[in-house]
Amino acid sequence: MSHEHVSYLELLTKGAATEAYDRPVLLARASGAGPEALAELEEAKQLALRVRAELEGRRRREAELSALFATAHDLAGLRDLDAVLRAIVQRARALLGTECAYLSLNDPAAGDTYMRVTEGSVSARFQQLRLGMGEGLGGLVAQTARPYVTDDYFDDARFQHTRTIDTAVRDEGLVAILGVPLSLGSQVIGVLFAADRRARVFEREQVALLGSFAAHAAVAIDTANLLAETRSALAELERANDIIREHSGVIERASEVHDRLSELVLHGGGVHDVAHAVSEVLGGTVEFTEEGAGTARRAGGHAVREGEDWVAAVSAGGETLGALVLHGQPDLDPVDQRTLERAALVTSLLLLARRSAGEAEQRVRGELLDDLLDAPDRDRRLLKERAARLRTDSEAPHVVLAARIDRAGGTADQDTGGRESADRQRLWSAATHLAATRHGLASARDGGTVLLLPLGPGESAAELARQTARSLGGTLREPVTVGASAPVRAPLDHPGQVAAAYEEARRCLDALRLLHRAGQGAAAEDLGFLGLLLADGRDIGGFVDRTVGQVVAYDRRRGTDLIRTMDAYFASGMSPARTKDELHVHVNTVAQRLERIGRLLGPDWQSPARALEIQLALRLHALADAVTTP
């Protein structure tokens, strides 16, 4: 490894600024390095910058998740509402990279909304601002319960500008503002803001992130109110010892589940771990389901009773991800209802955290392969840049593979459509994981899955097809049939070849299924003369070489006439006696030549299937000789 490459690794290790990556190139140019060395160094610099960008993205996502988990932990040990709200506002400001963040709460008695917590604010007028419902951006968010964003507040006519609000905003120097509602069910209790003193565009992911913090803030306020109500109830029922014990038990259960959920989140627990923890605390059985959240979804985040069960919707950003269902506790205390709701909120955070990274990469891999198949005229440079970000070696030979699940037997008519859809989803999930581990691409297509995988050293398309069939079949515990194309050299240099290779792989897949070879993997070269018909390239030379190449080579080395002997033998109905008359040699000579052919081609060379392929190869060999002979 060159000194310059080590320099880039040191820069990555130190987390150096982008400008520092130009220094090795400048030093090399100053020292008189040649064009080739400078080009190699420039390529290393671009690669290092891409690695740096990827690391920065990962650090940002990790910081966001850590902040959300830390906020959930704060809620579990909620003691000081102001401290929790300040922490939420501080984290929102840091992660969105804004100069200012603040939180306002609605005042139902006054009919307006007022500042509760600010971070980064320098104006006393702004910190004491009150907004009427519908006034300004914040008043509109509070009134409509919808997020609003503007990259230039004073030039935005959507908001009702008032002298009081505009004066305070101008005094603070704010330009770009994002506001999201703090909601408890269908009720808006306030607004969480992030703002900059310069024009900027807030991305959709940043809106969703601020919405997550707003949900935490709403939970903190609701929890504080709930704790206040509980303390009041305990004070009023101080002389009722049995009621005191009952409420104490409920609070202990809530504290226990909060602590356990926080520990699960911090140690990477899963959805089913959350359900198990809540089951133990509430004394019933909690399960996560992707169905049955209809009533709970309409309840705006509150747990609702359905028959003998309690259901809390698991949702985020308006998307319903499923529900937590509690069985065996029909008479649930209000605090336990809140506990079930908190568990649903934690479950939504876990699902989003685990889904975001995996889905993003899978989606990008599928989109790149779809572009290669459907739009091969795309800019090759851009295609290569996208492949590089996915750590795909675009210069290596690749193979296109078509895969489908082949299940023996059948299902009832009414179940067939759903079963096939589930199969396609499972196959796509397994294929995307395989593609990621092998630095390839995968996409759902034509009722199955298509993969573009690089060939390993000394590996053939047929071997890769068999490995892929075994891997996918083992993962799904179902027979998966895989057809492979011939290798495609540098597919991003010749994207038009990928679509043709996919058609060849599909024909090979169909042939395997017709030959009742479900659960196997093969390329055209595995299927003899049938593969010759299936392959796009019509590799006649390859077919002849695989079938009788050893005999042709033997004749060339030894000066023998085994090819002509096979021609005569098949033309004579495989009769040694008639063959010796055709060749004008002794019958023992014919027998010796046939024995030699058997040692070269294998003992089954005269079986009907092999004999058919050999005769076809002999004809093609003779035609090739006739064409090349002057």
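Below, all heavy atoms of this structure are taken into account, side chains as well, without hydrogens, waters or symmetry copies.
- Using a 4.5 Å heavy-atom threshold, the side chains of Thr98 and Phe202 count as touching.
- Looking at Gln128, its side chain never comes within 3.5 Å of a backbone N or O of Arg125 through a donor-acceptor pair.
- Annotation for Ala442 and Ala431: closest pair CB-O, 3.8 Å, computed over non-hydrogen atoms.
- Between Leu209 and Leu96, the shortest heavy-atom contact is CD2-CD1, 3.6 Å.
- Smallest separation of non-hydrogen atoms from Ser183 and Ala218: O-CB, 3.4 Å.
- The closest side-chain heavy-atom distance from Ile221 to Leu85 is below 4.5 Å.
- Judged purely by atom type and a 3.5 angstrom limit, Asp196 has no side-chain atom pairing as donor or acceptor with the backbone of Cys100.
- Atom-to-atom distance recorded for Glu119:CD and Glu99:CD is 13.0 Å, nearest 0.5 angstrom.
- The pair Arg170-Asp166 fails the salt-bridge criterion, with no side-chain N (NZ, NE, NH1 or NH2) lying under 4.0 Å from an Asp/Glu carboxylate O.
- No donor-acceptor contact under 3.5 angstrom links the side chains of Thr164 and Arg130, judged on distance only.
- Leu192 has its side chain out of reach of Tyr102: every pair of non-hydrogen atoms, C-beta onward, lies at least 4.5 Å apart.
- One N or O on the side chain of Thr162 and one on the backbone of Ile165 form a donor-acceptor pair closer than 3.5 Å.
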Anything under 3.5 Å between a donor and an acceptor, one on a side chain of residues 171-180, the other on a protein residue two or more places apart or in another chain? List them.
unit_1 : atom_1 : unit_2 : atom_2 : d
Asp171 : OD2    : Ser123 : OG     : 2.7
Glu172 : OE1    : Ser121 : OG     : 2.8
Glu172 : OE1    : Val122 : N      : 3.3
Glu172 : OE1    : Ser123 : N      : 3.0
Glu172 : OE2    : Val122 : N      : 2.9
Glu172 : OE2    : Arg197 : NH2    : 2.5

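- With a 4.5 Å cut-off on side-chain heavy atoms, Asn106 and Val188 count as touching.
- Between His161 and Phe159, the ring-plane angle classifies as perpendicular under the 30° and 60° cut-offs.
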Using atom types as modelled, flag every donor-acceptor pair under 3.5 Å from a side chain in residues 139-150 to any protein atom, sequence neighbours excluded.
unit_1 : atom_1 : unit_2 : atom_2 : d
Thr144 : OG1    : Leu140 : O      : 2.8
Thr144 : OG1    : Arg146 : N      : 3.4
Thr150 : OG1    : Asp152 : N      : 3.3
Thr150 : OG1    : Asp152 : O      : 3.2
Thr150 : OG1    : Asp156 : OD2    : 2.9

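- In this structure, the separation between CG on Leu452 and CZ on Arg438 is 11.0 Å, given to the nearest 0.5 Å.
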